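Quick notes on the structure that follows.
Note that the coordinates shown come from a computational prediction; the quantities given were computed from them, not determined experimentally.
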Amino acid sequence: MSSALTDLFPHPIVQAPMAGGPSGPQLAAAVSDAGGLGFLAAGYKTADGVYQEIKQVRGLTGRPFGVNLFMPQPEHAESGAVDLYAQQLAGEAGWYATELGDPDCGRDDGYEVKLAVLLDDPVPVVSFHFGVPTREVVDSLHRVGTFTLVTATTVEEALAVERAGADAVVAQGVEAGGHQGAHRDQPENDGAGIGVLSLVAGIREAVDLPIVAAGGIMRGSQIAAVLAAGASAAQLGTAFLATVESGAHPLHKQALTDPLFPHTELTRAFSGRPARGLVNRFMREHGPYAPAAYPEIHHLTSPLRKAAARAGDPQGMALWAGQGHRLARELPAGRLVEVLAAELDTARAAMTGHRPAGGEGR
């Protein structure tokens, strides 16, 4: 990775931007203060909300941080499929005593207005999910001194990221929690995801861009593995979900290591796009027939998910988590960065046959 970018964060540890609440100012600031790269998630927030969170981070730390944007989504959902799914969710609405959401309340997540905020008041790093920004957008961010990262789930997508002029590619393996950041949602590819190590190796040979590896990474030894495979840094989301500063719902945090939720699956049940979460009742009952319709299904189920959280019912919540969720540790975020860095030093020393500085690295 370019020295200018790596100089922003001494440890090769990036906190994944997790939309919906977990990635707030406290978490981003704590990670950046500890030498990682903290991120705010602009997804599902208003432009003013993003601006206010940026101000909060700046009040908490003088270290660099990033902001993640969702790319606008093309219109491809069949209204009939969305209407049918709404009918199938009527029982859920009755159970939680709430109305279903309006599936047609917006497709672009306020992208242009949020981008304008970031151009008017630049942050060190901006990343993009669900697609590739235009070369014009990337160049405009470069002109105000912002580094750009874009998610890719295949080698072909990484090539598109390179053509757009981005500074680095986030190689998201199928192990990752939350939404897969595929540039196009193609139902025929469901279940065909690539593991992070294979993806990093493939991208390393195909493009001349630094790689940030993401997907199920919970320990410093796994960071060492993706670095050895060709990545310049690792992005961790689920590992930071259980931290003190995470804004995730307490039930979500508890579920990560609860034996009642032993594994994860990719599902369209909550949003209409493939996303990995802990398997619960809602996913089992509605995942098999949920249509490919993002963000319509996200808007439709939003009141249900909020009502389930208010009722203290994790079986109706979107419990996003990566495959390594059982390894989650309830630590302050800054301490977690320190532990991961020490584990990374130990793993690197084991690879080279040398002891890490400071002893065992624990």
Side-chain angles (χ1 to χ4, degrees), residues 16-20 22 41 43-44 68-78 81-82 84-85 88-89 103 107 109 127-132 150-158 160-161 169-196 198-199 202 213-217 235 237-238 241 252 261 263-302 304-305 316-325:
M18 297 169 283
Y44 311 136
N68 175 258
L69 295 177
F70 285 171
M71 293 297 298
Q73 297 300 290
E75 293 190 24
H76 68 275
E78 296 182 9
V82 176
L84 178 60
Y85 194 57
Q88 293 165 328
L89 293 178
R107 303 193 58 80
D109 197 49
S127 67
F128 298 85
H129 207 60
F130 296 149
V132 185
V150 183
T151 300
T153 62
T154 66
V155 172
E156 291 73 22
E157 290 180 352
V161 173
V169 57
V170 179
Q172 186 192 34
V174 72
E175 305 96 332
H179 285 93
Q180 288 285 295
H183 298 177
R184 294 179 59 198
D185 184 13
Q186 298 174 300
E188 62 270 24
N189 291 338
D190 284 3
I194 305 170
V196 63
S198 296
L199 183 60
I217 301 170
Q235 179 171 281
T238 305
L241 266 181
H252 192 168
F261 303 98
H263 69 284
T264 65
E265 289 182 5
L266 289 169
T267 185
R268 294 180 182 272
F270 294 103
S271 71
R273 231 184 193 271
R276 184 173 296 282
L278 301 173
V279 178
N280 60 5
R281 177 195 60 78
F282 194 101
M283 189 187 297
R284 286 192 298 268
E285 293 183 3
H286 303 295
Y289 53 81
Y294 177 87
E296 289 88 348
I297 303 304
H298 163 76
H299 297 315
L300 187 72
T301 66
S302 179
L304 297 177
R305 290 178 273 123
M317 298 167 59
L319 303 172
W320 303 137
Q323 288 183 343
H325 64 95

Heavy-atom check, side chain of L266 versus side chain of V174, under 4.5 Å: yes

When rounded to the nearest 0.5 Å, the distance separating CZ of R268 from OH of Y85 is 11.0 Å

TODO: Apply side-chain contact (heavy atoms from CB on, under 4.5 Å) to H263 and V279, showing your working.
DONE: CA-CA 6 Å; H263 69 284; V279 178; 3.6 Å; yes

query = Is there a side-chain contact between D185 and P74 (heavy atoms, below 4.5 Å)?
reply = no

Taking every heavy atom of A160 against every heavy atom of V132, the minimum-distance pair comes out as O-CG1, 3.9 Å

Separation between NE2 (H286) and CG (L304), nearest 0.5 Å, reads 8.0 Å

Sidechain-backbone polar pair: R276 side chain, G322 backbone, donor-acceptor under 3.5 Å
no

Can any side-chain N or O of E175 pair as donor or acceptor with the backbone N or O of V196 at less than 3.5 Å? yes

When rounded to the nearest 0.5 Å, the distance separating CE of M317 from CZ of F270 is 9.0 Å

N/O donor-acceptor pair under 3.5 Å between R273 side chain and H298 backbone
no

>> I'd like to check T151 versus Q235 (side-chain heavy atoms, cut-off strictly below 4.5 Å). Are they in contact?
In response: no

When every non-hydrogen atom of A19 is compared with those of F70, the smallest separation belongs to CB-CZ, 3.8 Å

> For atom CZ of R281, is the number of surrounding heavy atoms from other residues, nucleotides or ligands below 6.0 Å larger than 12?
Replying inline: yes

d(L319 CG, R305 CZ) to nearest 0.5 Å is 11.0 Å

Note: L300 and P103 closest approach over all heavy atoms is CD1-CD, 4.2 Å

**Report entry** Note, L89 side chain near T301 side chain (heavy atom, < 4.5 Å)
**Finding:** yes

In short, G202 meets V155 closest at the heavy-atom pair C-CG2, 3.7 Å

Output for pair (Y289 OH, Q88 CD), nearest 0.5 Å, gives 4.5 Å

V161/H183 under side-chain contact (heavy atoms from CB on, under 4.5 Å): CA gap, chis, key distance, verdict: CA-CA 10 Å; V161 173; H183 298 177; 4.0 Å; yes

- Under 6.0 Å between the ring centres of Y294 and H179? yes

In this structure, CH2 of W320 is separated from CG of L241 (nearest 0.5 Å) by 12.0 Å

Side-chain heavy atoms of P17 within contact of H129, under 4.5 Å
no

Would a distance-only check, ignoring hydrogens and angles, find a side-chain to backbone donor-acceptor pair under 3.5 Å from N68 to A41?
-> no

Using only atom types and a distance under 3.5 Å, with no angle test, would you say the side chain of Q73 pairs donor to acceptor with the backbone of M71?
yes

Closest non-hydrogen contact found for D190 with P274 is OD1-CG, 3.8 Å

Counting C-beta onward and ignoring hydrogens, is there a side-chain heavy-atom pair between I194 and T153 closer than 4.5 Å?
no

Scanning both residues in full, the closest heavy-atom pair of A321 with T264 reads O-CG2, 3.7 Å

*Beyond-backbone contact of Q180 with Q172, side-chain heavy atoms, under 4.5 angstrom*: yes

